[in-house]
Structure formats: structure tokens, C-alpha cells
Amino acid sequence: GTDSDWIFASVGRDHSYAIKSDGTIWGIGNNSVGQIGGSGNKSEWTQIGTDSNWVSSAIGLSHGYGLKSDGTVWGIGDNNYGQIGGTGNKSEWTQIGTDSDWKKVTSGFYFGYAIK
């Protein structure tokens, strides 16, 4: 694309996220389990949800995490190992827990970490 207002990016094996200066989060690539939201692979940057307070993100194999400016952590995509919480895959951002004092989020193949 030609947009020039990106401020943060996270890259995975087959999908990526990027955050724009307006706080929106976007994804591109494999979307086999909803890790970019909705269904179908995305060959162009696609906004994931409508929130505009994202500050960082992290990507696992087929899932992702986002950190909002209010200190909450959210997950999307593959949840076969409970890496997002609850049950079932998530094709929309789902808040993980209720804490709101998270500072960083990162991810591995089938897991995630966050630092308060």
C-alpha cells in the first residue's frame, strides 16, 4: 500500500499486524482461524475491528495479541491451547482477563506473555 502513517508492526510466520498513528490495528496474510478477523485470507491491509487505542501487538503461529492504551490485553485467532482464554477460536478481538495495568505483550508459537 501507499499509507505512510504506520507506527508499530509485528510480523509472524504467515500474517502480520501494524498499527497506524490513529491507533487502529490492521492485518494482512493468512486468516485461516480468524487471526485477522472475520474469514478468508487477506491480501491487502485490513482493519481488525474499529477500536482506535492500540499501542502494540504480538503474533504467535495463528493467533495474535494486542495491547491497548488503557492497559488491557486482547487476543484473536487460534485458541486450541487456551492462549486467548475461554474456548474456541476467536475471529474478533477478545479481552484476556480484566487487568488493566499491562505494559508489554509478546508471543510465541502457541503461547503469549505480558508484563505489568
Side-chain angles (χ1 to χ4, degrees):
T2 59
D3 291 350
S4 60
D5 56 344
W6 304 105
I7 61 168
F8 186 90
S10 53
V11 179
R13 185 180 83 168
D14 54 7
H15 71 288
S16 299
Y17 297 149
I19 298 172
K20 289 189 171 190
S21 59
D22 66 1
T24 56
I25 192 167
W26 298 70
I28 193 168
N30 182 6
N31 190 38
S32 60
V33 289
Q35 61 265 47
I36 301 176
S39 61
N41 293 335
K42 311 297 183 187
S43 60
E44 296 183 12
W45 286 105
T46 302
Q47 188 172 346
I48 309 171
T50 58
D51 293 344
S52 59
N53 59 337
W54 300 102
V55 295
S56 70
S57 61
I59 293 180
L61 177 63
S62 297
H63 66 287
Y65 300 106
L67 176 66
K68 290 187 174 183
S69 60
D70 65 3
T72 57
V73 171
W74 298 70
I76 193 169
D78 182 21
N79 192 37
N80 286 329
Y81 300 99
Q83 59 267 51
I84 298 172
T87 59
N89 295 337
K90 313 293 184 186
S91 61
E92 295 181 3
W93 287 111
T94 301
Q95 187 172 354
I96 302 172
T98 59
D99 292 351
S100 59
D101 56 348
W102 300 104
K103 301 297 180 201
K104 291 189 183 258
V105 65
T106 190
S107 184
F109 216 59
Y110 293 116
F111 56 89
Y113 292 106
I115 298 172
K116 288 188 171 189

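Given the structure is predicted, the values throughout are model-derived calculations rather than measurements.
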Can you name the closest pair of heavy atoms from [X] and [Y] and give their distance?
{"X": "Ala18", "Y": "Trp6", "result": "CB-CE3, 3.4 Å"}
{"X": "Ser107", "Y": "His63", "result": "OG-NE2, 3.3 Å"}
{"X": "Ile59", "Y": "Gly12", "result": "CG2-CA, 3.6 Å"}

task = For Phe8, check ring pair (Phe, Tyr, Trp, His ring centres under 6.0 Å) against everything at least two apart and list the hits.
result =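 If we apply the ring pair (Phe, Tyr, Trp, His ring centres under 6.0 Å) test to Phe8, skipping adjacent residues, there are no hits.
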Would you compute the distance between atom CD1 of Ile19 and atom CG of Asp5 and round it to the nearest 0.5 angstrom?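 Rounded to the nearest 0.5 Å, the CD1-CG separation comes out at 12.0 Å.
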Next on the checklist: Using 0.5 Å steps for rounding, measure from the OG1 atom of Thr72 to the CG atom of Leu67.
Outcome noted: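 It comes to 7.0 Å.
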Same hydrophobic cluster for Tyr65 and Trp102, using side-chain heavy-atom links shorter than 4.5 Å among ILVMFWY?
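Yes, because Tyr65 and Trp102 connect within a single hydrophobic cluster, where side-chain heavy atoms sit under 4.5 Å apart.
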Review point. Should Ile48 and Ile7 be counted in the same cluster of Ile, Leu, Val, Met, Phe, Trp and Tyr side chains packed under 4.5 Å apart?
Key: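 Linked, Ile48 and Ile7 end up in one cluster.
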Practice prompt. Can you spot which of Asn89, Ile84, Leu61 makes a side chain to side chain contact (heavy atoms under 4.5 Å, CB included) with Asp78?
Written response: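 The single option meeting the side chain to side chain contact (heavy atoms under 4.5 Å, CB included) with Asp78 is Asn89.
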- side chain to side chain donor-acceptor pair (under 3.5 Å): which pairs involve residues 42-56, sequence neighbours left out?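 For residues 42-56: Asp51-Lys68.
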Fill in: Asn30: side-chain hydrogen bond (donor to acceptor under 3.5 Å, both in side chains) partners, not counting sequence neighbours
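Asp14, Ser32.
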Results of side-chain hydrogen bond (donor to acceptor under 3.5 Å, both in side chains) for Ser57 - residues two or more places apart only: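 By the side-chain hydrogen bond (donor to acceptor under 3.5 Å, both in side chains) rule, Ser57 matches Ser10.
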For the side chain of Asn31 and the backbone of Ile36, is there at least one donor-acceptor N/O pair under 3.5 Å apart?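 Pair found, side chain donor or acceptor close to backbone of Ile36.
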Min side-chain heavy-atom separation Ile76-Tyr17 under 4.5 Å
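Result yes, sub-4.5 Å side-chain heavy-atom pair found.
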Is the shortest heavy-atom distance from the side chain of Ile28 to the side chain of Ser16 under 4.5 Å?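 Side chain of Ile28 against side chain of Ser16, heavy atoms only: contact under 4.5 Å found.
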Practice prompt. Show which residues join Tyr113 in its hydrophobic cluster (side-chain heavy-atom contacts under 4.5 Å, direct or indirect), or state none.
Written response: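 Members alongside Tyr113: Phe111.
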| task | Write out all pairs satisfying salt bridge (charged side-chain N to carboxylate O under 4.0 Å, His left out) with one or both partners inside residues 98-108, taking only residues at least two apart or from two chains. | result |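 For residues 98-108, and leaving out neighbouring residues, the salt bridge (charged side-chain N to carboxylate O under 4.0 Å, His left out) pairs sorted by first residue read Asp99-Lys116, Asp101-Lys116.
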